[in-house]
Structures are given as C-alpha cells and as structure tokens.
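What follows is a set of notes on a single structure, which appears directly below.
All chains are named by letter (A, B, ...) in the order of the sequence lines, taking the proteins before the strands, and each is independently numbered beginning at 1.
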2 protein chains.
Amino acid sequence: MQSAPLSIGKLARLTDVKIPTIRFYEQIGLLPEPDRTESERRVYGDAAVRRLSFIKHARQLGFSVEAIRALLALTDDPDRPCEEANALAAEQLAEVEEKISRLTALRAELQRMVAAGCHGRAGDCRVIEALSDDSQCEHGRPLNLAEV
Amino acid sequence: MQSAPLSIGKLARLTDVKIPTIRFYEQIGLLPEPDRTESERRVYGDAAVRRLSFIKHARQLGFSVEAIRALLALTDDPDRPCEEANALAAEQLAEVEEKISRLTALRAELQRMVAAGCHGRAGDCRVIEALSDDSQCEHGRPLNLAEV
DNA sequence: ATGCATCCTCTAGCCACTAGAGGAGCAAGG
DNA sequence: CCTTGCTCCTCTAGTGGCTAGAGGATGCAT
C-alpha cells in the first residue's frame, strides 16, 4: 500500500510544514535526502510523511532539534533500549513546568501593572513606575532573560 | 548625590547584565552612548544604572526590544500621555496568558507520555508512539512552532 | 505557444544575545 | 621599575529554528 510519490509542495500541504522548513530539516539532517526527478525535484514517499509528522509533533511539544535527532535515532533502530526517550520526555516536561511557573509569576506582575493602570501623563504612569522599580516584585533573580 | 562613575564591568555587576549585552543595548540604541575616558573606556553614571535596570526588568517580563524602546520613549518624555504604556502592558499580559494556556496543554500531553513510560525496546516505546501519532492529542492546529 | 504555478539553489535576515580573536590599558605586588 | 593578570576595546561570527527573497529552470493546462 505505497501511496503515490509526493512533490515537496504536496508533502508540505499534507503535513502542514512549510516548504523552506522541509528543505531546512533536510539540510540539518533530520530528514534524509530524498530521491530526485531528472530535473532535480525532490520526490517523497510515505516514510517522509511519517518522519516529518513526527518531527512536527515533537517541535510542537517544544523538543529541541537535538532532542528530536535522538528520538529519531531511536525510531530508526527499534531494538535499542528506550530509557533515553523516557528521559527526554521527562526533561521536556520539567522544562515546560518550569516555564509555566515563571510565566505564572510574570502574569501576576503584569496583572498588577495593568490593574493599576494610568490615565494621564507618562510621568505618573503606574506601568512605567512598576517597570522602573523591581523592588516589589520577586520573580526570582536567575530569570534567564532568553527563555522565559 | 551623584554616585561615583562606573566602568562597564561595575555596571554589569550592579545590574546583573552581562558586559556584551550592555554593549549590544548601546549598539541598538536602548542605552545612550556613554562618556569615555582618554583610553576610550566607557564611563557610566546613575542614570545608566536606572535605565539598564528598567530594560532588564522589562525583558524579564517578556517585553520585546521594540516595546521597550517605546516605553523608554515615554520615560524620556513624562508629559506624553501614557495610554501606550497601558496598551503595551495589556498586550504583553495577553501574550503571557496565551503562552501559559499553550504550555498547559503541552504539559498535559507530556504528562500522559511520561506516565505511560516504557521499559524495553524502542520499538514498543509509548513515548515514541505518542510522538508518532498525533491523532489523540488536540493542542490546536495553529500552534505556532516558533513561540510556544 | 503562453502563462502561471511550482520547483531549484543560494544568500541573507530575524531576535536577543553570546563567544572568541587579537590587542591595549591599568593597578597591585615584588 | 617591571611584570602579572585583570579589565577593557573593537570586530566578526555563531546560536536556534526557521523565513524571505533573488534569480532562474521546469511542469502543466489551455
């Protein structure tokens, strides 16, 4: 039951992943180099659909490309023990929980700011005041700027 | 009550912002170009500490550099009306809430995966299975890959 | 034959930093 | 005075995960 071969555009529509992204995944080695037509156009089969769906889903769950690479290595070799997959999922879960708790703290602070509001000159603005003065907020010192 | 002039290193320690980041903020115009010593070393005063703290705090709250630029323009001109600040804060709050709800959905899915676990070959791994099969999860189609 | 969609490669851009090379200056101990 | 080691300078390039655009070739329908 092999389905008809797919162009990159059809693969993109099927999986809802953009064409340049598919080429990018190929470039970084998440997707294997596909067969080509005489005129160098990429031709995909079922396996590519499955693999790309896997990648997409894992990305949606926040797995990094490196983590996905590891997970794909496991799927490529189903006899390997899969503690690694367990570990990766647990790690990812921990990261998500961490992010949620950070964001919840931020939400509280933003809610305070928005509730205070201000309706005049920027000089008396509560929002700006709140931003200037971080003494009354405690969303942790080591709040890594990059990845909130 | 002007405090002593600060080197970039002291400013970095005081505000807990890395030196290259300070130079970067100067480059993109969030911080003004400071005075220099004869040997071209940057010299900062109190105002820089306040401005950099403001920037840092806003970044921690997830404001983009562009939003911060707008907020700084308000602080620089306290007679301007500050609906803009209100709007920026509200927008930021909405974004944070959006992220929280996405992450909460992801957490649920990851929790399911981790709870199912697997203890053998990757071939029977529930984690990998869950990633391969997105039929049983519903964290929304338009889950923008970039910004979960 | 024409026209438009799709595909190709290649390069550069996005955000908010971060890291490193290669060099100059400054302060303190011997 | 000299050396050692820290701090600073500029500049370029790298990170992650794409996304956009140039400039050209091909495929398909009319």
Side-chain angles (χ1 to χ4, degrees), chain A residues 4-31 33-44 48 52 55-70 72 92 95 99 142-148, chain B residues 4-31 33-44 48 52 54-72 92 95 99 142-148:
Chain A
L6 297 164
S7 69
I8 195 170
K10 283 179 191 163
L11 178 61
R13 260 167 265 136
L14 258 178
T15 56
D16 200 26
V17 173
K18 288 177 190 151
I19 290 176
T21 304
I22 295 173
R23 290 198 274 246
F24 171 73
Y25 286 158
E26 178 184 328
Q27 193 187 308
I28 64 174
L30 285 193
L31 289 175
E33 296 194 8
D35 291 341
R36 301 275 186 143
T37 67
E38 281 175 29
S39 56
E40 295 296 294
R41 297 190 174 203
R42 290 168 177 84
V43 179
Y44 298 95
L52 185 51
I55 294 168
K56 187 197 173 193
H57 191 197
R59 285 293 302 134
Q60 285 178 332
L61 287 169
F63 286 89
S64 72
V65 163
E66 283 321 298
I68 294 172
R69 215 186 284 282
L72 284 170
Q92 190 54 36
E95 270 173 40
K99 277 192 191 175
L143 218 171
N144 193 331
L145 302 187
E147 48 185 81
V148 174
Chain B
L6 298 164
S7 69
I8 195 170
K10 284 178 190 163
L11 177 62
R13 259 166 266 136
L14 258 178
T15 56
D16 200 26
V17 173
K18 289 178 189 149
I19 290 176
T21 303
I22 296 174
R23 291 197 274 244
F24 171 74
Y25 286 158
E26 177 184 328
Q27 194 186 307
I28 63 173
L30 285 192
L31 289 175
E33 295 194 8
D35 291 342
R36 302 275 186 142
T37 66
E38 281 175 28
S39 57
E40 294 296 294
R41 297 190 173 203
R42 290 167 177 84
V43 179
Y44 297 95
L52 185 51
F54 182 100
I55 295 168
K56 187 197 173 193
H57 190 197
R59 284 292 302 133
Q60 285 178 333
L61 288 169
F63 287 89
S64 72
V65 163
E66 282 323 297
I68 294 173
R69 214 186 284 281
L71 290 167
L72 283 169
Q92 190 54 37
E95 269 173 41
K99 277 191 191 176
L143 218 172
N144 194 331
L145 303 187
E147 47 185 81
V148 174

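Residue A:Arg42 is classed as a sugar-phosphate contact, given heavy-atom separations below 4.0 Å to backbone atoms only. Note on A:Ile28: nothing from the nucleic acid sits closer than 4.0 angstrom, heavy atoms only. Residue contacts shown for A:Ile8 are limited to sugar-phosphate atoms, with no base heavy atom under 4.0 Å away.
The heavy-atom pair separating A:Ile68 from A:Ile55 by the smallest distance is CD1-O, 4.0 Å. Annotation for A:Leu72 and A:Leu30: closest pair CD1-O, 3.8 Å, computed over non-hydrogen atoms. Nearest heavy atom pair, residue B:Ile19 against residue B:Ala12, reads CG1-CB, 3.8 Å.
With distances taken from any side-chain atom of B:Phe24 to the nucleotides C:dT9, C:dC17, C:dT6, the minimum falls on C:dC17.
Summarising the geometry, the separation between CD on B:Glu40 and C1' on D:dC11 is reported as 15 Å, rounded to the nearest angstrom. Put simply, NZ on B:Lys10 is 13 Å from C1' on D:dC8, counting in whole angstrom units. Atoms CG (B:Leu6) and C1' (D:dT7) sit 15 Å apart, rounded to a whole Å. Distance CG (A:Leu30) to C1' (D:dG16): 12 Å, rounded to an integer number of Å. Atom pair A:Lys56:NZ and D:dG17:P shows a separation of 17 Å (rounding to whole Å applied). The separation between B:Lys18 atom NZ and D:dC8 atom P is 16 Å, rounded to whole Å. Straight-line distance from the CD atom of A:Glu26 to the P atom of D:dC18: 15 Å, rounded to whole Å. One interatomic measurement links the two molecules: CD1 of A:Ile68 to C1' of D:dG16, which rounds to 12 Å at whole-angstrom precision.
Residues passing the side chain to side chain donor-acceptor pair (under 3.5 Å) test with A:Thr37 are A:Ser39, sequence neighbours excluded. Partners of A:Phe24 under the side-chain contact (heavy atoms from CB on, under 4.5 Å) rule, at least two apart in sequence or in another chain, are A:Ile28. Contacts of B:Arg69 classified as side chain to side chain donor-acceptor pair (under 3.5 Å), with partners at least two apart in sequence or in another chain: B:Glu66. Take B:Glu26 and apply the side chain to side chain donor-acceptor pair (under 3.5 Å) test, not counting sequence neighbours, and it matches B:Arg42. Residues meeting the side-chain contact (heavy atoms from CB on, under 4.5 Å) test with A:Glu95, sequence neighbours left out: A:Glu91, A:Gln92.
OP1 or OP2 of D:dC18 has at least one side-chain nitrogen or oxygen of A:Tyr25 nearer than 4.0 Å. Between A:Arg13 and the phosphate of C:dA5, there is no side-chain N or O to OP1/OP2 separation shorter than 4.0 Å. The side chain of B:Arg59 places an N or O atom within less than 4.0 Å of a non-bridging phosphate oxygen (OP1 or OP2) of C:dC17. At D:dC9, one or more side-chain N or O atoms of B:Arg23 fall inside 4.0 Å of OP1 or OP2 (strictly under the cut-off). Put simply, A:Thr21 has a side-chain N or O that comes within less than 4.0 Å of OP1 or OP2 on D:dT19. Between A:Arg36 and the phosphate of C:dT9, there is a side-chain N or O to OP1/OP2 separation shorter than 4.0 Å. Within the 4.0 Å cut-off from OP1 or OP2 of C:dC7, at least one side-chain nitrogen or oxygen of A:Ser7 is found.
Looking at which nucleotide of DNA chain D each of B:Gln27 and B:Gly9 is closest to, the 5′-most match is held by B:Gly9.
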Can you check nucleotides 25-29 of chain D for protein contacts, nitrogen or oxygen pairs under 3.5 Å, and list what you find?
unit_1, atom_1, unit_2, atom_2, d
D:dT26, O3', A:Ser39, OG, 3.2
D:dT26, O2, A:Arg41, NH2, 3.1
D:dG27, OP1, A:Ser39, OG, 3.0

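Defining each end axis of the helix from C:dA1-D:dT30 to C:dG30-D:dC1 as the rotation carrying four pairs' C1' atoms onto the next four, with five pairs an end, the two axes are found to diverge by 10° to 10 degrees.
Atoms CZ and CZ, on B:Arg59 and B:Phe54 in that order, are 13.0 Å from each other to the nearest 0.5 Å. Atom CD1 in A:Ile22 sits 5.0 Å away from atom CD1 in A:Ile8 (nearest 0.5 Å).
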